[in-house]
There are 2 protein chains.
Amino acid sequence: MSTIKDVAARAGVSFTTVSHVLNGTRRVSDAARARVEQAVAEMGYAPSAVARALKTSETFVFGVLVPNITNPFFAELTRGIEERCRQTDYSVFLCNTDDESELQTHYLQTLLERRVDGLLLAAAAGEPEPLVRRLGFARVPTVVVERRIPGLEADLVRVDHDAGARLAASHLAALGHRRIACLSGPSRFLVSRERTAGWVAGLQEAGIEIRADWMLEGDFSAAAGHALAHELLRQREVTAILAGNDMMAIGVLRAAAELGVSVPGELSVIGFDGIDMGSYMFPALTSVGHPIRELGEMAASVLLERLGKRVLPVREVVMAPHLIERASTGPAPKG
Amino acid sequence: MSTIKDVAARAGVSFTTVSHVLNGTRRVSDAARARVEQAVAEMGYAPSAVARALKTSETFVFGVLVPNITNPFFAELTRGIEERCRQTDYSVFLCNTDDESELQTHYLQTLLERRVDGLLLAAAAGEPEPLVRRLGFARVPTVVVERRIPGLEADLVRVDHDAGARLAASHLAALGHRRIACLSGPSRFLVSRERTAGWVAGLQEAGIEIRADWMLEGDFSAAAGHALAHELLRQREVTAILAGNDMMAIGVLRAAAELGVSVPGELSVIGFDGIDMGSYMFPALTSVGHPIRELGEMAASVLLERLGKRVLPVREVVMAPHLIERASTGPAPKG
DNA sequence: TTTCTCAATGCAAACGTTTGCAGAGCGTGA
DNA sequence: TCACGCTCTGCAAACGTTTGCATTGAGAAA
């Protein structure tokens with residue numbers, strides 16, 4: 001690769017001048033500028049970001065830690081982050097941690113060595129302690145997505161799951177449903193607990209009885225939704241199901257199809273997350289959507305702001321979900 | 001951030017020694033080594049990859065250009081790339097080009113400035129000329145995925161779509177189907193043409209007549225599959241449909257559900273790509289799957305090999321697809 | 001004691017930039 | 001003619017590493 005000095009030689013100026021032309025950091029005569037620009041074009045010169053980073057101690061790179069880019073949620077999130085970064089010439093280092101604590105610290109170390117200007121943590125599995133200690137040394141501006149990490153002073157961007165769950169509950173209530181089952185995710189996840197709390201609050205507000213045997217727990221997978229729904233639908237008692245996420249709702253839809261229960265005629269189903277896949281189901285899945293890409297963009301924006309003002313107090317940004325009405329919910333059947 | 005000199009001072013040795021301890025590049029007495037290691041631990045020192053990169057002119061970073069990480073295909077591909085890189089301490093710069101020529105060249109420039117050690121191109125929209133010229137200057141080892149770029153001397157890793165399509169065709173033939181429709185993707189894409197060619201060859205081999213009015217072209221979207229299937233199923237002539245990809249097949253499934261055509265009783269449907277979503281359909285979608293993650297891993301492997309031996313002749317690696325038999329195909333109906 | 005070998009360590013240049021400082025050249029007002 | 005101000009330009013240090021070369025000191029061989 002050619003260097004700034006090669007360009008300077010070809011243009012017949014000092015490399016200082018080349019630098020200033022490239023960065024627009026001081027006046028350069030039109031003649032010199034033209035010669036430099038021509039030399040750059042002829043040689044296909046690309047200034048070394050690594051030398052620049054060494055000198056300025058800014059890399060214009062953010063590190064992004066996600067459990068698994070294959071999960072549509074994180075794909076969309078990453079996309080949002082990347083999109084926001086694009087506007088400000090930041091690039092993104094992507095790391096899949098597989099929710100493994102060890103990989104997570106390994107990647108964190110790598111990112112710190114690479115001197116990223118900021119960190120977006122959408123993954124935070126296992127013990128936070130080593131992670132927090134590592135970050136404490138480095139003092140890299142950090143934004144956490146969806147999960148507060150104890151001991152870490154970082155901005156947080158998250159979705160208001162409680163409000164979303166209330167939305168789902170009141171939607172069903174408004175359609176006249178009274179016999180409603182809840183299929184929650186694993187209660188060890190904060191998201192699950194928040195969503196369940198929202199359902200309960202929403203149903204209570206509508207004066208709907210909450211039967212303990214209609215509160216089932218799954219693991220966020222379609223298989224779990226499928227199995228739980230089979231069990232639940234045998235009695236044909238409930239007229240609607242609140243699912244902890246879209247994958248579980250898809251499992252429910254499938255169980256209903258197998259059992260000949262018509263949706264939404266006999267049963268209404270509402271999911272959570274608003275993933276694209278839901279719209280390809282038959283019937284298309286009604287869901288509580290959150291603006292995942294916006295979540296990513298917001299996370300990046302918060303980080304960019306943090307770069308400017310390190311002394312800003314720690315922020316928490318909460319994004320509101322919304323109802324995506326498609327075809328899997330309808331009026332409660334008579335009787 | 002602390003530097004190698006800070007560590008040296010604390011450990012009471014020269015920074016040369018610290019460097020050698022860190023890299024294991026020459027013998028260091030046990031005493032000195034211990035002191036250095038302790039100092040590193042106490043200070044949470046992380047060596048600067050950017051200084052190292054400047055000195056050694058190796059960044060241990062690959063640039064990855066994909067159209068859209070939100071597309072499951074590219075998510076999985078990226079995942080494979082990243083997984084392979086992890087084993088060799090390479091990191092990945094991720095860029096979404098949105099298939100926009102302009103963004104593509106912009107990102108390419110950024111990646112070159114950042115002095116990536118290699119390039120994985122899964123996106124290559126628009127005119128290849130500026131792209132090729134840019135790469136010509138830089139001489140960065142490059143691996144292209146799925147699409148040959150004219151004028152660019154790069155390794156290529158791709159899926160054998162022709163063979164996959166034959167697989168699908170002969171699967172249907174073996175089930176006794178004779179009246180088979182083909183819903184291809186846009187013919188301007190090489191993939192579409194390859195798949196169509198494979199179907200035609202496969203059907204001809206099985207002695208099946210190919211009716212021109214059963215060869216329809218869509219745009220790889222579920223909506224297209226849905227619309228074309230509606231048209232096709234009105235006559236109830238065909239007993240099976242070969243879809244150009246899974247999204248179109250999902251659209252077909254949906255149309256069948258709406259029209260009360262039972263799958264696979266009256267109609268068999270087979271997709272292409274083997275995406276996860278297909279297994280959540282009802283009935284679960286039979287498809288021709290390709291090992292996307294392995295495709296990514298292979299691409300990274302080829303690139304790593306290329307780094308070692310620049311003089312290697314250009315390689316082309318072809319990966320074989322396989323049949324994923326699920327529930328949407330069955331024996332042809334009698335009569 | 002002297003010389004040699006060898007292990008352990010340090011010095012300093014270089015990588016490709018940015019940027020503070022300073023010099024050259026020239027027109028202008030006194 | 002001189003001093004001044006202004007525009008344009010260049011020199012050289014510094015960023016944090018790696019690495020070729022050199023130095024030190026101790027033990028062994030003579």
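Keep in mind the model is a prediction, meaning the values are calculated, not measured.
- B:H161 and B:E146 share a side-chain donor-acceptor pair at under 3.5 Å.
- Shown here are the side-chain hydrogen bond (donor to acceptor under 3.5 Å, both in side chains) partners of B:S48, two or more places apart in sequence or in another chain: there are none.
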Could you go step by step and tell me if B:R148 and B:E316 meet the side-chain contact (heavy atoms from CB on, under 4.5 Å) rule?
-> CA-CA 10 Å; B:R148 181 171 287 108; B:E316 174 165 342; 2.4 Å; yes
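- In the region residues 24-46 of chain B, proximity to DNA chain D at under 4.0 angstrom, judged on heavy atoms, holds for B:R26, B:Y45.
- A donor-acceptor pair is defined here as one N or O able to donate and one able to accept, closer than 3.5 Å; such a pair exists between the side chain of A:T142 and the backbone of A:V140.
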Could you go through residues 290-297 of chain A and list every donor-acceptor pair under 3.5 Å that involves a side-chain atom there, pairing it with any protein atom two or more places apart or in another chain?
unit_1, atom_1, unit_2, atom_2, d
A:H290, NE2, A:D273, OD1, 2.9
A:R293, NE, A:E76, OE2, 2.9
A:R293, NH2, A:E76, OE2, 3.3

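- The ring-ring contact (aromatic ring centres under 6.0 Å, His included) contacts involving residues 32-77 of chain B comprise B:F60-B:Y90, B:F62-B:Y90, where partners must be two or more places apart or lie in separate chains.
- Among residues two or more places apart in sequence or in another chain, the side chain to side chain contact (heavy atoms under 4.5 Å, CB included) test is passed with B:R188 by B:P186.
- Residues that satisfy the side-chain hydrogen bond (donor to acceptor under 3.5 Å, both in side chains) test with B:R114, not counting sequence neighbours, are A:S91.
- Listed for the B:D6 side chain is no donor-acceptor partner under 3.5 Å among the backbone atoms of B:S2.
- With a cutoff of under 4.0 Å to any heavy atom of chain B, the contacted region of DNA chain D is bounded 5' to 3' by D:dG16 to D:dC21.
- Sorted by first then second residue, the side chain to side chain donor-acceptor pair (under 3.5 Å) pairs that include residues 55-64 of chain B, not counting sequence neighbours, are B:T59-B:D117.
- Direction change of the helix axis from one end of the helix from C:dT1-D:dA30 to C:dA30-D:dT1 to the other is 70°, with five pairs defining each end axis (rounded to 10°).
- In this structure, B:T3 reaches the sugar-phosphate backbone alone: every heavy-atom distance under 4.0 Å involves primed, P, OP1 or OP2 atoms, never a base.
- With sequence neighbours excluded, no residue forms a side-chain hydrogen bond (donor to acceptor under 3.5 Å, both in side chains) with A:E102.
- A:N68 meets the side-chain hydrogen bond (donor to acceptor under 3.5 Å, both in side chains) test with B:R79; sequence neighbours excluded.
- Interface residues of residues 4-18 of chain B facing DNA chain C, ordered by number: B:V13, B:S14, B:F15, B:T16, B:T17; criterion, heavy-atom separation under 4.0 Å.
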